[in-house]
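Sequence positions, counted from 1, serve as the residue numbers for this chain.
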Amino acid sequence: MKRTTITVPERTLARLEREARRRHTSVSAIVRECIGVKFPGADDEEGPRDIPFAGIFHGELGFAAADMDDYLAKHWAEAIEKHRG
């Protein structure tokens, strides 16, 4: 992987930083993801990416993705409030 420098408006950088904090990842990871959406296959030399969270709610909890907000509010309310601030 190579490093580069880009220039973005302050408002865009603030949104990227906010999203990176929300996801507990880096701004670079967010930017790479966005580039991958715009230019699919651009990172093919690294091979397919694992999605570590895929299937974590398969069957065991017994609810659909549409119910995720309610589940998180009930079980993670304190953490959600902490990260909103």
Side-chain donor-acceptor distances from residues 11-25 under 3.5 Å, at least two apart:
unit_1: Glu19; atom_1: OE1; unit_2: Arg22; atom_2: NE; d: 3.0
unit_1: Glu19; atom_1: OE2; unit_2: Arg22; atom_2: NE; d: 3.4
unit_1: Glu19; atom_1: OE2; unit_2: Arg22; atom_2: NH2; d: 2.6
unit_1: Glu19; atom_1: OE2; unit_2: Arg23; atom_2: NE; d: 2.6
unit_1: Glu19; atom_1: OE2; unit_2: Arg23; atom_2: NH2; d: 3.2
unit_1: Arg23; atom_1: NH1; unit_2: Glu33; atom_2: OE1; d: 2.5
unit_1: Arg23; atom_1: NH1; unit_2: Glu33; atom_2: OE2; d: 3.4

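- In the hydrophobic clustering of this structure, Ile6 does not group with Phe39; members are Ile, Leu, Val, Met, Phe, Trp, Tyr whose side-chain heavy atoms approach within less than 4.5 Å, directly or through other members.
- Neither Ile35 nor Val8 shares a network with the other; the hydrophobic side chains, linked directly or stepwise wherever heavy atoms of I, L, V, M, F, W or Y lie under 4.5 Å apart, form separate groups for each.
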